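Remember, predicted model here, so these are calculated numbers, not experimental data. Note that the numbering runs from 1 along the sequence shown for the chain.
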Amino acid sequence: MCGIVGYVGRKKVVPVIVEGLRRLEYRGYDSAGVAVGSPKRSALEVRRASGKLGNLEEVLREHPIDGSFGIGHTRWATHGRPTEENAHPHRDCTGRIVVVHNGIVENYLELKRELIAQGHKFVTETDTEIIAHLVEQVQNAAAADGSPIALEEAVRRAAKRMTGAFALGVLSAAEPDKIVAARLGPPVVIGVGDGESFVASDVPGILHHTRNIYFLADGDMAVLTPQGVSLTDFEGRPIDRAITRVQWDPIQAEKGGYKHFMLKEIWEQPRAIRDTTLGRVSLDSGKVFLGEMDIPDEELLHATNINIAACGTSWHAALTGKYMIERLARMPVDVDYASEYRYRNPIAGPGALGLLITQSGETADTLAAQREMIALGSRTVAICNVVGAMVAREAHGAVYTHAGPEIGVASTKAFTAQLTALFLLALKLGQLRGKLDAAQSIGLIEELGRVPAKIEEVLRNCSAQCEQLAKEFSTASDFLYLGRGIHFPIALEGALKLKEISYIHAEGYPAGEMKHGPNALIDETLPVVVLATRDERDPASRLRYEKTLSNIQEVTARSGRVIAIATEGDKTIGGLVEHVIEVPAAIELLSPLIEIVPLQLLAYYIAVRRGCDVDQPRNLAKSVTVE
């Protein structure tokens, strides 16, 4: 997603920024810009362009700028179209303050109305522009003693007015050779050099200049000058934090300090879900906007059914999506392994909508299934994590998952981003088909908005427990994963994660099928992971939970060792099983996004304990381009 690079020091500032942005291109973007200042000038110079960095470089060749401090940005549009005027940096009314911003200002409409009433003029469609005007407004009001308000204090006060998630970089022509950065959500790193300082949204953007890094935490602010960096919190209290000396090469730098890419990507899931949602929903109307879906609403409305084809983890996402679409849109859905689709003489046609799910967008089996659907007359939609990938180019529309690059072969954040995209598609179809009114849609969008924070809670609270369980179960030769309803595909995905990276045999099974054969496997050596969450507001969820408790008793009666994934506060399940991992409550259709996280962590820590190559497990590849 969006990238930030800023510099203050002795070097030519524009090449430093553009080179850094180039190293962050993997995040994806649709426009770019830079702002540069100098103590010799009373204004900041800004250059922007839509499209790729090459377009910005052409603008800079035609209209060169330089100075001693500056900041650049690559933007992925959320508020406002991907045009030059909406590209960052954004300015205040005077043009003397500029801001770059990753994230979203949730209360920007309220703040914008307030600022307009105070005489501020807005020229873009973005939420970011209000930040520049907020800083200007603060500085226009002198301090109590009549002295001017410093840029860092103005940014601090502005940040405290905003709700949402943001990483900020702010410059002022009135305070040259200074950059103010702040973080609440999206990452910010600060680099310290000899007579120079750097800011970026990720380490690769500045690693070729310095290995001395501060990693800002939520609520941190940094003031960068050529003389060094000072850190405070949003209350202005100084922060004493040690510099991290980064020893990684550029590829390792992308791990952000994590031992493995997979662990980093597990922890990135809240951001991936937020980014996949950003700009696609309205909390005012409940509407869902899928801009890349180049299929008219009328055509979607009259589709008779959906055929989904996918492989591996994406197939598990497809199975989960079936529950979402059928429940919210009341539309029949069939799910196929993409590798099998062509060989069953499938029934499809103009009335059917084909849906292809693939992280890479280049999976050969999925592309073959897509071409079969198109040959049979179906329109196709791709859910994909790579903009411009083959599956998206050949589809009639796409829903991109904004998970960012996923390096670990065993998919984690791409999976939860796919589930998010499927939930949005289910909402869209439900609205078009008249199955969801505005109030229902708003309620569901609000529930989706709560999921990232709930996953963050799981990551904080369950990581140590999963690491401890790994010590106990890493020598097991087999695992069984059980789930009912929408939880069954998550059982399959949990089992797949374990077998992929730890090489332990694992099976996912519908809990109700245990008595039809798998009970014969249970003995005192078999760990059984059971998904036993519930939504107290949903009678069907409560019924599934009760039946799952019966399955747990079937296992424990045969001396099986149960690890239950249960809802926080569940007083019943603890007396039945050996281990309970608690996760926050969620509505039934969104619980898969939360309960998969401890299963990913469990697989990861077991694999680490067994000495396996977590990021590149044997015999597997990230993108499968052969059938």
Would you find a donor on one side and an acceptor on the other, under 3.5 Å apart, between the side chain of D615 and the backbone of G408?
-> no
For E456, all residues meeting salt bridge (charged side-chain N to carboxylate O under 4.0 Å, His left out), sequence neighbours excluded = R274
Charged N to carboxylate O under 4.0 angstrom, R241 versus D220?
-> yes
Does Y509 have any ring-ring contact (aromatic ring centres under 6.0 Å, His included) partners at least two apart in sequence or in another chain, and if so, which?
-> none
Distance-only polar pair, side chains of D365 and T363, donor-acceptor under 3.5 Å | no
Sequence neighbours excluded, the answer for ring-ring contact (aromatic ring centres under 6.0 Å, His included) partners of Y7 is F198
Could E265 and K413 be called an ion pair, given the rule that one side-chain N must be under 4.0 Å from one carboxylate O?
-> no
Over 12 foreign heavy atoms within 6.0 Å of CG, D294 | no
Got a sec, which pairs hit salt bridge (charged side-chain N to carboxylate O under 4.0 Å, His left out) with one end in residues 599-609, sequence neighbours left out?
-> none
Over 12 non-hydrogen atoms of neighbours within 6.0 angstrom of NZ in K11 | yes
Look at R280 together with E292 and state whether they make a salt bridge at an N to O cut-off of under 4.0 Å.
-> yes
K454/E457 ion pair, N-O < 4.0 Å | no
Closest approach of C384 and G361, non-hydrogen atoms and distance?
-> SG-CA, 3.5 Å
Without hydrogens or angle criteria, can the side chains of H402 and N385 be said to hold a donor-acceptor pair below 3.5 Å?
-> no
Does R610 have any side chain to side chain contact (heavy atoms under 4.5 Å, CB included) partners at least two apart in sequence or in another chain, and if so, which?
-> S474, S502, I504, I606, C612
Could you verify whether a donor N or O on one side chain and an acceptor N or O on the other, from S411 and E406, lie under 3.5 Å apart?
-> yes
Under the salt bridge (charged side-chain N to carboxylate O under 4.0 Å, His left out) test, which residues partner K499, sequence neighbours left out?
-> none
Worked check of salt bridge (charged side-chain N to carboxylate O under 4.0 Å, His left out) between R183 and D218 | CA-CA 5 Å; R183 175 186 178 179; D218 281 352; 3.2 Å; yes
Would you confirm whether the ring centroid of F488 sits within less than 6.0 angstrom of the ring centroid of H316?
-> no
State which residues pass salt bridge (charged side-chain N to carboxylate O under 4.0 Å, His left out) with E19; sequence neighbours excluded, sorted by chain then number.
-> R23
If you look only at pairs with a residue in residues 472-496, which of them pass as a salt bridge (charged side-chain N to carboxylate O under 4.0 Å, His left out), with sequence neighbours excluded?
-> E472-R561, E493-K497
Contacts of E467 that satisfy salt bridge (charged side-chain N to carboxylate O under 4.0 Å, His left out) - sequence neighbours left out = none
Which pairs with one or both residues in residues 593-604 pass side chain to side chain donor-acceptor pair (under 3.5 Å), sequence neighbours excluded?
-> H260-Y604, Q269-Q600, H487-E595, T533-E595
Gap separating the OG1 atom of T380 from the CG atom of L355, nearest 0.5 angstrom | 9.0 Å
Do you see a donor-acceptor pair shorter than 3.5 Å between the side chains of S314 and Q418?
-> yes
Please identify each residue that fulfils ring-ring contact (aromatic ring centres under 6.0 Å, His included) with Y214, with sequence neighbours left out.
-> none
Look only at the side chain of S378 and the backbone of I374, and say whether a donor-acceptor pair between them is shorter than 3.5 Å.
-> no
For Y481, ring-ring contact (aromatic ring centres under 6.0 Å, His included) partners two or more places apart = none
